[in-house]
A.B. asks: 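Next up is a structure, given as structure tokens.
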Amino acid sequence: MKRIERQLEIKESFGGAVHGARCAGRVLVFALGIGIMLLLGGCGGEGEKTQAALELIRNLDYQGALGQLDSAENEGENARLVNRARGIAYMGLTEYEQAAFFFEASLGGSSGMVENLDFDLNYYLAAAYSKSEKYAEAEAVYNAVLALRPQEKDAYYLRGNARLAQGNYVGAKEDFDRAVEMAPKDYDRLIEIYEVLEYYGYKDVGQQYLRTVLESGDKQMDKFVSGRIYYYLGEYQSACIALEEAKEKGGVESYLYLGRAYEATGDYNYAANVYNSYLGSNEGSAEMYNQLGLCEIARGDYQKALEAFQAGMQVGNSAMMQTLSFNEIVAYEHLGDFKQAFVLMENYLKNYPDDVQARREYQFLSSR
């Protein structure tokens, strides 16, 4: 079973706390999401049953996907892509060792010539290692990726995450600096770097990245970018001013950050108006409904919060489903409907068994 380095020898709390849009405890998972996002498009060349399995994965039916993949294997579909999809399904089931096994198996089917698929698989493999808290192994995979593709800026960023998780701040900072150097105007990446540094206790360092870009005098920086940066610097009034201007250009993210900035000032009523304004004139957004629900909880209107979370679940955004499902349970708790909360939590843990916070909440509900 060949990782890239082996191929080189031949020639990657509310009553429980609610889940926010970017809950701090999930920052590292968010940061490692680059490889996971690739499943949405597949790799090309998948057989009919493998494609069907990937669709089931998108719909969170991981066991169903594994059944389809057994059939795909029996019918002789591409073994590497079948094992890749199995790995993704096991990631969804939070069985990370099994996931790593199948990513390794897919890598092991290589002809010896390193292809784009091999890089894709190594990113998945590193994500599986990181989810298992095997950060040294994840770092080794990124080392191998960079040995072959030294301009792979995502690998520098992700290796920085793995190094920081091991307490190697100096090495992580070197990787983050390199990632920024390679893409100085990738403002989304700069914000991600801030979030990870803040999570591990280096908020001041993260904010320095943001201040540097804000003070760079980049005339092409729009109000949405500067508004977000002000938000993460804690300068909420400046954030509101910039984001009010950015809002006129539309876009869900502009409204989300504007609402969050007003929430941060304590003006939950205006924040709720921002979210409802967007939802009243645009197609539903799962993330917007979630943020509205959080705002309604802060305002103490738990029925409206529940309605917002449930509306978000109807949008069908699988990336937000876990957060919305958890927050729906919390809303029922606030409403005093512990029986319904308990039933929903049992089902939630079947889908997301590695959620430690949810397991604690389950114990609380069991006692009610």
A.B. asks: Any side-chain donor paired with an acceptor under 3.5 Å for Tyr262 and Asn273?
C.D. replies: no
A.B. asks: Using every non-hydrogen atom in the two residues, find where Glu333 and Ala341 come nearest and quote the distance to one decimal.
C.D. replies: CG-CB, 4.0 Å
A.B. asks: Mind checking whether Leu210 and Phe176 sit in one hydrophobic cluster, side chains of I, L, V, M, F, W, Y counted as touching below 4.5 Å?
C.D. replies: yes
A.B. asks: May I ask you to say whether Asp186 pairs ionically with Lys153, meaning some side-chain N is under 4.0 Å from a carboxylate O?
C.D. replies: no
A.B. asks: State, to 0.1 Å, how close Ala127 and Tyr142 come at their nearest heavy-atom pair, and which atoms those are.
C.D. replies: N-OH, 4.4 Å
A.B. asks: Any side-chain to backbone donor/acceptor pair from Asn122 onto Asp118? Under 3.5 Å, distance only.
C.D. replies: yes
A.B. asks: With a 4.5 Å cut-off on side-chain heavy atoms, are Ile193 and Val180 touching?
C.D. replies: yes
A.B. asks: Hey, quick one: are Leu344 and Leu335 part of the same hydrophobic cluster, counting side-chain heavy atoms closer than 4.5 Å, chains of contacts allowed?
C.D. replies: yes
A.B. asks: Salt bridge check: are Glu235 and Arg211 linked by an N-O gap of less than 4.0 Å?
C.D. replies: yes
A.B. asks: What's in the same ILVMFWY side-chain cluster as Val356, cut-off under 4.5 Å, chained through other members?
C.D. replies: none
A.B. asks: Has the side chain of Gln166 got a donor or acceptor atom that lies under 3.5 Å from a matching backbone atom of Ala162?
C.D. replies: yes
A.B. asks: State, yes or no, whether a side-chain contact exists between Tyr236 and Tyr231 at a heavy-atom distance under 4.5 Å.
C.D. replies: yes
A.B. asks: Looking at every non-hydrogen atom in both residues, tell me the closest pair between Arg299 and Tyr268 and how far apart they are.
C.D. replies: CG-CB, 3.5 Å
A.B. asks: Please report the closest heavy-atom contact between Gly227 and Ala239, naming both atoms and the distance.
C.D. replies: O-CB, 3.5 Å
A.B. asks: Over 60° means perpendicular and under 30° means parallel, so classify the ring planes of Tyr124 and Phe103, tilted if in between.
C.D. replies: parallel
A.B. asks: I'd like to know whether Leu256 forms a side chain to side chain contact (heavy atoms under 4.5 Å, CB included) with Met288, so could you lay out the CA-CA distance, the side-chain angles of the two residues, the decisive distance to 0.1 Å, and finally the verdict.
C.D. replies: CA-CA 7 Å; Leu256 279 169; Met288 187 70 73; 3.8 Å; yes
A.B. asks: Measure from NZ or CZ of Arg189 to the centre of the six-membered ring of Tyr157 and say whether it is under 6.0 Å with the direction within 45° of the ring axis.
C.D. replies: yes
A.B. asks: Report yes or no: is the cationic atom of Arg228 (NZ for Lys, CZ for Arg) under 6.0 Å from the centre of the six-membered ring of Tyr187, at an angle within 45° of the ring normal?
C.D. replies: no
A.B. asks: Salt bridge or not between Lys304 and Glu307? Use side-chain N to carboxylate O under 4.0 Å.
C.D. replies: no
A.B. asks: Can Leu349 be reached from Tyr96 by stepping across I, L, V, M, F, W or Y side chains whose heavy atoms are under 4.5 Å apart?
C.D. replies: yes
A.B. asks: Measuring from atom CD1 of Ile57 to atom CG of Leu66, what distance do you get when rounded to the nearest 0.5 angstrom?
C.D. replies: 7.5 Å
A.B. asks: Specify whether Tyr202 and Tyr169 have parallel, tilted or perpendicular ring planes, treating 30° as the upper limit for parallel and 60° as the lower limit for perpendicular.
C.D. replies: parallel
A.B. asks: Is it the case that the side chain of Arg80 and the backbone of Ser106 share a donor-acceptor pair, with hydrogens and angles ignored and the cut-off at 3.5 Å?
C.D. replies: yes
A.B. asks: For the residue pair Asn276 and Tyr255, confirm or rule out a side-chain donor-acceptor distance under 3.5 Å.
C.D. replies: no
A.B. asks: Working note: Arg86 + Glu77, criterion salt bridge (Lys or Arg N to Asp or Glu O under 4.0 Å); need CA distance, chi angles, decisive distance, verdict.
C.D. replies: CA-CA 13 Å; Arg86 280 174 169 152; Glu77 293 188 11; over 6 Å; no
A.B. asks: Look only at the side chain of Asp222 and the backbone of Phe224, and say whether a donor-acceptor pair between them is shorter than 3.5 Å.
C.D. replies: yes
A.B. asks: Counting N and O atoms only, with roles assigned by atom type, does the side chain of Asn59 sit under 3.5 Å from a partner on the main chain of Glu55, one being a donor and the other an acceptor?
C.D. replies: yes
A.B. asks: Can you find a side-chain donor-acceptor pair between Gln291 and Glu263 that sits under 3.5 Å?
C.D. replies: yes
A.B. asks: Please tell me whether Phe101 and Met91 are part of a single hydrophobic cluster in this structure, the criterion being side-chain heavy atoms less than 4.5 Å apart.
C.D. replies: yes
A.B. asks: One pair to check against side chain to side chain contact (heavy atoms under 4.5 Å, CB included): Thr94 and Tyr352. What are the steps and the verdict?
C.D. replies: CA-CA 7 Å; Thr94 69; Tyr352 313 107; 5.9 Å; no
A.B. asks: If we check ring-ring contact (aromatic ring centres under 6.0 Å, His included) with Tyr362, which of these qualifies: Phe326, Phe338, Phe342, Tyr348?
C.D. replies: Phe342
A.B. asks: Without hydrogens or angle criteria, can the side chains of Glu174 and Tyr156 be said to hold a donor-acceptor pair below 3.5 Å?
C.D. replies: no
A.B. asks: Quick one: OH on Tyr62 to CG on Leu93, what's the gap to the nearest 0.5 Å?
C.D. replies: 7.5 Å
A.B. asks: Lys223 versus Ile241: any side-chain heavy-atom pair under 4.5 Å?
C.D. replies: no
A.B. asks: With a 4.5 Å limit on heavy-atom distance, are the side chains of Asp337 and Lys339 in contact?
C.D. replies: yes
A.B. asks: Let me see the working for Glu73 and Leu69 under side chain to side chain contact (heavy atoms under 4.5 Å, CB included), right down to the final yes or no.
C.D. replies: CA-CA 6 Å; Glu73 181 179 50; Leu69 292 166; over 6 Å; no
A.B. asks: So which heavy atom on Tyr275 is nearest to which on Gly259, and how close?
C.D. replies: OH-C, 3.0 Å
A.B. asks: Could you check Leu148 against Val114 for side chain to side chain contact (heavy atoms under 4.5 Å, CB included), going step by step and ending with a plain yes or no?
C.D. replies: CA-CA 9 Å; Leu148 287 176; Val114 179; 4.0 Å; yes
A.B. asks: How long is the gap from OH on Tyr270 to SG on Cys295, to the nearest 0.5 Å?
C.D. replies: 12.5 Å
A.B. asks: Which atom pair, heavy atoms only, marks the closest approach of Ser281 to Ser277?
C.D. replies: OG-O, 3.1 Å
A.B. asks: Set out, in order, the CA-CA distance, both residues' side-chain angles and the distance that settles salt bridge (Lys or Arg N to Asp or Glu O under 4.0 Å) for Asp177 and Lys173, then state yes or no.
C.D. replies: CA-CA 6 Å; Asp177 286 346; Lys173 181 68 163 51; 3.1 Å; yes
A.B. asks: When clusters are formed by joining ILVMFWY residues with side-chain heavy atoms under 4.5 Å apart, either directly or through shared neighbours, do Leu60 and Ile88 land in the same one?
C.D. replies: yes
